[in-house]
Structure formats: structure tokens, C-alpha cells
Amino acid sequence: MATQKQIAANRRNAKKSTGPRTQQGKSVSRLNARREGFTGQIVILNAEDRPFFEQFQSELVTSLQPESPLERSLAHAIAWDTWRLNHLRAVEMNIYALAAENPGTATASDSRVQPAVADADTFSKQSERFLRLSLYEQRLTRTLHKNLAVLRSLQAERRRLKAQDRAEEVLLARYSDIKGM
């Protein structure tokens with residue numbers, strides 16, 4: 001718990017902070033909260049990606065064959081998480097591609113080894129970012145598999161109940177035939 005003296009000092013320091021002053025500083029700071037965009041509650045798709053996402057989502061949801069609102073919700077969550085995983089992997093590859101286009105200080109005397117050296121250099125310089133991407137990937141994968149398991153379980157229960165209803169209908173039809181109805 002902060003003391004009154006600390007609170008007062010924080011307030012005085014906050015009044016001194018005016019934020020970025022240059023256009024470049026403002027441009028950089030406006031993206032402070034975004035990072036890679038994998039953990040946000042609001043997902044923003046650019047105009048180029050939206051039609052691809054919508055087609056991907058539609059095809060994936062259709063292939064999962066949801067029937068109830070809960071099944072549809074799970075199918076959409078699975079589509080989102082799959083899209084996000086694919087995007088995350090693309091970001092990782094783009095980091096390496098950027099490094100290949102803009103080689104850093106690490107060079108190799110043999111040109112055949114240079115791509116491996118560039119990858120190693122990129123990994124060492126971006127290790128914190130790769131770690132964060134790996135954590136996101138693990139979380140998304142767990143959520144994806146959990147949702148898929150729940151969806152499959154719901155669908156199996158639905159099929160079991162349909163088969164049970166069908167068997168009861170057959171029994172009732174036979175009973176009606178026996179009774180001459």
C-alpha cells in the first residue's frame with residue numbers, strides 16, 4: 001500500500017509528464033498497447049485480411065457442423081483461435097524475413113551458412129519477442145484443443161440422443177403395429 005507521501009510524489013511527477021512531443025514519438029506511442037495483437041479483446045482486421053478471414057471462418061465453421069447455438073459459438077471460437085495461431089506463425093516468419101532482408105552485424109564467411117547465422121542473430125536479438133510469441137501460441141493451442149474437445153463432446157451427446165430418440169420411435173411404431181393402431 002502506498003503512503004500519502006508516495007501518492008503525492010506520484011501526482012507531482014505525473015504533472016511533469018507531457019508525453020511524446022515529436023510527431024515520430026506520438027506515432028510510436030499510439031501503438032504502445034497493441035504489441036502483436038494476440039491477447040486483445042477487440043480484434044481488428046485490415047480491409048485486405050477481412051475477406052480471407054470471413055471465408056476461412058465460414059469454411060471452418062461449416063466443416064465442424066455445429067447445430068446448436070453453443071456448438072456454433074464454440075465453432076466460431078475455434079475459427080478465431082485457428083486464425084490467430086496462423087497469424088502468430090506468420091508474424092514469427094516475418095521477423096525472420098525482415099532479418100534476412102536487413103542483415104545485422106553477424107556475418108558468415110561462407111554464403112551458404114549466412115541464412116543460418118542471420119536466423120541465429122535474429123533469434124538472439126528478438127528472444128524476448130519470440131518467448132512472448134511462444135507463450136501466446138501455447139495458450140491459443142490449449143484453448144483451441146479445449147474448445148474442440150467440448151464441441152466434439154456436445155456433438156457426440158447430440159448424436160447419442162438422436163439415436164436414442166430414433167430407437168424409441170421404432171419401438172413405439174412396432175408397439176402401434178402390434179396393437180393394430
In Å, rounded to the nearest 0.5 Å, how long is the span from [atom1] of [X] to [atom2] of [Y]?
{"X": "Asp177", "Y": "Leu172", "atom1": "CG", "atom2": "CG", "result": "11.0 Å"}
{"X": "Ser176", "Y": "Leu171", "atom1": "OG", "atom2": "CG", "result": "10.5 Å"}
{"X": "His145", "Y": "Leu140", "atom1": "NE2", "atom2": "CG", "result": "10.5 Å"}
{"X": "Leu154", "Y": "Arg159", "atom1": "CG", "atom2": "CZ", "result": "10.5 Å"}

- Message: Any side-chain to backbone donor/acceptor pair from Thr143 onto Arg139? Under 3.5 Å, distance only.
- Response: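 Looks like yes, one N/O pair under 3.5 Å.
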
- Message: For Phe130, is there any backbone N or O sitting under 3.5 Å from a side-chain donor or acceptor partner on Ser134?
- Response: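 No.
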
Mind checking whether [X] and [Y] sit in one hydrophobic cluster, side chains of I, L, V, M, F, W, Y counted as touching below 4.5 Å?
{"X": "Tyr136", "Y": "Leu131", "result": "no"}
{"X": "Val61", "Y": "Leu151", "result": "no"}
{"X": "Val91", "Y": "Leu88", "result": "yes"}
{"X": "Leu144", "Y": "Leu135", "result": "no"}

- Is there a donor in the side chain of Glu59 and an acceptor in the side chain of Ser63, or the other way round, less than 3.5 Å apart?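 Per modelled atom types, Glu59 and Ser63 side chains form no pair under 3.5 Å.
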
Not counting sequence neighbours, which residues clear side-chain contact (heavy atoms from CB on, under 4.5 Å) with [X]? List them please.
{"X": "Glu67", "answer": "Glu71, Arg158, Lys162"}
{"X": "Gln164", "answer": "Arg160, Leu161, Glu168"}
{"X": "Gln6", "answer": "Ala2, Thr3"}
{"X": "Lys146", "answer": "none"}

- Task: Could you pull out all residues at least two apart from Gln57 that satisfy side chain to side chain donor-acceptor pair (under 3.5 Å)?
- Result: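 With neighbours one apart ignored, the set is His76.
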
- Is the Trp83 ring parallel, tilted or perpendicular to the Phe53 ring (thresholds 30°, 60°)?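 Perpendicular: the ring planes of Trp83 and Phe53 meet at over 60°.
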
- Message: For the CD atom on Glu157, are there more than 12 heavy atoms of other groups (residues, nucleotides or ligands in this structure) within a distance under 6.0 Å?
- Response: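 Yes, CD of Glu157 has more than 12 neighbouring heavy atoms, counting only those of other groups under 6.0 Å.
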
- For Phe52, check ring-ring contact (aromatic ring centres under 6.0 Å, His included) against everything at least two apart and list the hits.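 With sequence neighbours excluded, Phe52 shows a ring-ring contact (aromatic ring centres under 6.0 Å, His included) to no residue whatsoever.
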
- Query: Shortest non-hydrogen contact from Thr82 to Ile78?
  - Reply: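 Looking at all heavy atoms of both residues, the shortest contact is OG1-O, 2.7 Å.
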
- Item | Steps toward side chain to side chain contact (heavy atoms under 4.5 Å, CB included) verdict (Arg142, Gln138) | CA-CA 6 Å; Arg142 274 194 306 270; Gln138 291 171 31; 4.0 Å; yes

